[in-house]
Amino acid sequence: MSMRSAPLLLLAALAAGGQGVAPAADDAENLFAGSPRVLTKAQLDSLVLRAEFSSHWLEEQQRAADLLRANPADEDLQQHVAWRKQHRAELEQSPIALYLPKHRFRLDEPVHAYFVVKNASAEPIDLDMRLDLQLGLRTVNACRVELRRVEGAGEESESRVSEHLWQCGGPSHLTLPAKGYYCLRADLRRLGVSRPGEYAIRWGFSGLTSREVKFTVVALEDGKTVEKPVRAVRVARITRGDEPRERVAQLRDAEPAAVVEAARLAPLSFSRFAAGLAVEAEGVLYPDVLDLPGQDSLVTAGLHFERPRDAGPPATLVLTLTPRQKNAGLFLKDFDHLVLLAASRSEVEKLSHDGEREQQEDAKVMHALAIHSLTDPKRPLRIRIELEENWPRRLGLSGPVELRVILSSEPIRLQGEWPQLRSIEKKELFASGRMPWRGLLCTPAVSVDLPADEVAPGARKEGDGS
């Protein structure tokens with residue numbers, strides 16, 4: 001299986017970019033109307049995407065060709081023109097687009113935008129870019145976003161270009177499957193749409209540019225306020241561990257019918273996790289990690305937080321999966337695909353780290369899991385996740401936070417990491433001739449007030465913890 005890597009080239013002069021070719025209006029409007037939480041490959045295949053190059057990139061290509069005609073014996077020019085020709089052919093295999101569900105928004109509602117990349121080739125491709133837009137206006141390597149507020153006659157417009165992060169070396173930042181897609185949804189209010197007015201947005205990757213999309217944000221009625229946006233997110237995978245043995249034995253004795261295993265909390269990069277959901281896998285993708293479905297046709301997910309008590313169990317998250325159909329006959333293959341997501345709408349502390357690597361120090365945060373069988377609507381499946389006493393400190397959280405648990409039947413690959421070479425062992429629980437549940441769900445948020453003094457020493461304020 002071959003991999004092709006797009007060259008490292010920052011998109012220049014988006015303002016000089018050409019107009020992209022929009023898909024059939026009805027198809028795009030129907031697909032993105034209502035800001036869908038889940039998209040399928042079949043839906044995205046209905047769009048017509050064509051690679052459109054910025055005028056700046058085309059001018060540079062023409063200038064190189066003119067120089068070569070004037071100096072046909074120049075070997076450096078020959079190599080440069082050949083590289084540009086190859087580069088263009090590679091970019092034509094990854095057209096991009098930008099869609100909004102509508103073009104008029106109130107200031108108190110999400111202003112969603114969908115950023116789409118298609119791999120038109122029959123092989124997986126590696127792209128040297130990633131959009132980190134769900135908590136702020138930031139891009140990684142060979143891509144760029146430009147958002148501007150269009151003022152009236154005689155007034156100057158405001159323009160915001162994405163904060164850019166260069167990361168050299170290491171694996172690809174984004175890997176798209178053959179004929180597959182990457183689609184990220186962002187709320188433009190987090191990117192700078194903070195007051196009423198006319199706006200325009202476009203984005204680009206390497207020499208490609210999307211068409212510019214214009215939209216309007218109208219003022220609120222008197223007395224209405226805008227909800228504070230999520231400012232920071234911590235993500236941690238709940239995976240198998242080997243401690244504490246005493247607590248595991250205690251739970252097994254107390255609940256012999258339950259499946260009990262030790263577990264740990266392994267912090268993840270939020271941006272890489274979000275990108276992993278936004279890349280199509282098995283024909284499905286989830287464009288916004290902050291807005292995932294809480295139920296499907298078979299199961300509804302719920303979450304409850306039990307505060308610690310004196311001489312009682314520690315703080316506990318109780319994940320509940322309730323069948324939506326009587327005698328659904330479902331079972332979980334494994335509990336190893338659970339992810340804890342903690343979001344804050346206020347200034348929070350950020351654990352210090354090296355670049356975007358995972359935090360491995362003190363990774364064993366969890367105590368134990370108790371899993372009960374899923375049988376019928378009268379007895380849902382419950383997964384109890386006991387948290388270590390100082391878990392807020394380990395994740396750098398304080399004050400009011402919103403907790404969610406993401407449950408996936410399959411492993412979620414983080415984008416921007418070396419592929420794991422080992423196979424993932426599947427452990428079937430509660431089989432007894434039942435059908436395994438497949439899908440991805442996220443529980444509704446549970447609000448928890450954490451003490452301000454639980455923050456990790458030496459932590460610094462800002463950002464998303466990715």
Side-chain angles (χ1 to χ4, degrees), residues 6 9-25 27-29 31-32 35 39 43-60 87-88 90-103 111-120 125 127-134 137-150 157 159-164 173-174 176 180-188 191-193 198-216 275 278-280 285 287-288:
L9 180 65
L10 177 64
L11 176 68
L14 271 176
Q19 293 294 317
V21 177
D27 290 343
E29 290 177 3
L31 176 55
F32 295 102
S35 297
L39 291 168
Q43 290 174 318
L44 294 172
D45 280 341
S46 69
L47 305 176
V48 180
L49 276 68
R50 193 183 80 182
E52 188 75 10
F53 291 82
S54 68
S55 58
H56 173 83
W57 196 93
L58 294 174
E59 289 169 3
E60 290 295 324
H87 185 205
R88 176 165 183 158
E90 291 176 339
L91 289 176
E92 287 174 343
Q93 299 297 318
S94 53
I96 67 174
L98 173 66
Y99 303 109
L100 272 65
K102 57 183 180 178
H103 297 276
V111 184
H112 285 146
Y114 291 80
F115 300 80
V116 181
V117 183
K118 178 180 180 179
N119 174 11
I125 59 173
L127 302 181
D128 189 26
M129 57 83 72
R130 189 172 69 239
L131 299 169
D132 288 353
L133 304 178
Q134 292 177 328
L137 189 58
R138 190 178 75 166
T139 51
V140 178
N141 283 16
C143 58
R144 188 180 184 185
V145 176
E146 181 185 281
L147 173 67
R148 61 190 180 94
R149 185 171 184 270
V150 184
S157 63
S159 181
R160 291 194 64 201
V161 177
S162 53
E163 298 176 5
H164 202 70
H173 293 285
L174 205 62
L176 272 61
Y181 292 88
Y182 165 71
C183 179
L184 188 85
R185 189 182 80 179
D187 185 348
L188 300 185
L191 276 60
V193 177
E198 303 289 330
Y199 291 85
I201 185 172
R202 66 173 141 199
W203 79 285
F205 161 57
S206 197
L208 299 175
T209 182
S210 75
R211 65 189 176 97
E212 185 177 74
V213 179
K214 295 182 179 180
F215 61 96
T216 302
V279 169
E280 176 214 331
L285 57 83
D288 191 345

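Being a predicted model, the structure only gives us computed values, none of them experimental.
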- Report the C-alpha separation of L285 and V279 in whole Å, then their side-chain angles, then the decisive distance to 0.1 Å, and conclude whether the side-chain contact (heavy atoms from CB on, under 4.5 Å) test is met. CA-CA 6 Å; L285 57 83; V279 169; over 6 Å; no
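- The structure places CD of E146 at 12.0 Å from OG1 of T139, a figure rounded to the nearest 0.5 Å.
- What you find for R138 and D132 is that their closest heavy atoms are NH2-OD2, 2.8 Å.
- Across C143 and L131, no two heavy atoms sit closer than the pair SG-CD2, 4.0 Å.
- Residues that satisfy the salt bridge (Lys or Arg N to Asp or Glu O under 4.0 Å) test with E198, not counting sequence neighbours, are absent from this structure.
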- Item | Worked verdict on S94 versus N119 for side-chain contact (heavy atoms from CB on, under 4.5 Å) | CA-CA 5 Å; S94 53; N119 174 11; 5.9 Å; no
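- Proximity of the aromatic rings of Y114 and Y99 is defined here by a centroid distance below 6.0 angstrom, and this criterion is not met.
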- T209 vs W203, side-chain contact (heavy atoms from CB on, under 4.5 Å): CA-CA, chis, key distance, verdict: CA-CA 6 Å; T209 182; W203 79 285; over 6 Å; no
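- Between the CD1 atom of I201 and the CZ atom of R148 there is a distance of 11.0 Å, given to the nearest 0.5 Å.
- Residues passing the side chain to side chain contact (heavy atoms under 4.5 Å, CB included) test with E92 are A51, F53, R88, sequence neighbours excluded.
- The minimum heavy-atom distance linking G207 with L91 is given by the pair N-CD1, 3.8 Å.
- Among all heavy-atom pairs drawn from I96 and G204, the shortest one is CD1-CA, 3.8 Å.
- Note: L176 CG to L174 CG = 5.5 Å, rounded to the nearest 0.5 Å.
- Applying the side chain to side chain contact (heavy atoms under 4.5 Å, CB included) test to A113 and every residue at least two apart in sequence or in another chain returns L98, L100, F115, L188.
- Put simply, OG on S206 and NE2 on H87 are 3.0 Å apart, with the number rounded to the nearest 0.5 Å.
- Scored by the ring-ring contact (aromatic ring centres under 6.0 Å, His included) test, Y181 finds no partners at all (sequence neighbours excluded).
- Here the NE2 atom belonging to H112 is positioned 12.0 Å from the CZ atom belonging to F215, to the nearest 0.5 angstrom.
- With sequence neighbours left out, K214 forms a salt bridge (Lys or Arg N to Asp or Glu O under 4.0 Å) with no residue at all.
- The backbone N or O of S35 sits less than 3.5 Å from a side-chain atom of R185, completing a donor-acceptor pair.
- Between H173 and D128, the shortest heavy-atom contact is CD2-OD1, 3.2 Å.
- How far CG of L44 is from CG of L39: 5.0 Å, rounded to the nearest 0.5 Å.
- Remark: the backbone N or O of V111 is paired with a side-chain donor or acceptor of D187 at under 3.5 angstrom.
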- Can L208 and E52 be said to form a side-chain contact (heavy atoms from CB on, under 4.5 Å), step by step? CA-CA 6 Å; L208 299 175; E52 188 75 10; 5.9 Å; no
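- Of the charged side-chain nitrogens involved, none lies within less than 4.0 Å of a carboxylate oxygen, so that E280 and K118 do not count as a salt-bridged pair.
- Residues satisfying the salt bridge (Lys or Arg N to Asp or Glu O under 4.0 Å) criterion with E163, sequence neighbours excluded, are absent altogether.
- Counting heavy atoms from C-beta outward, D288 and Q134 have side chains that approach closer than 4.5 Å.
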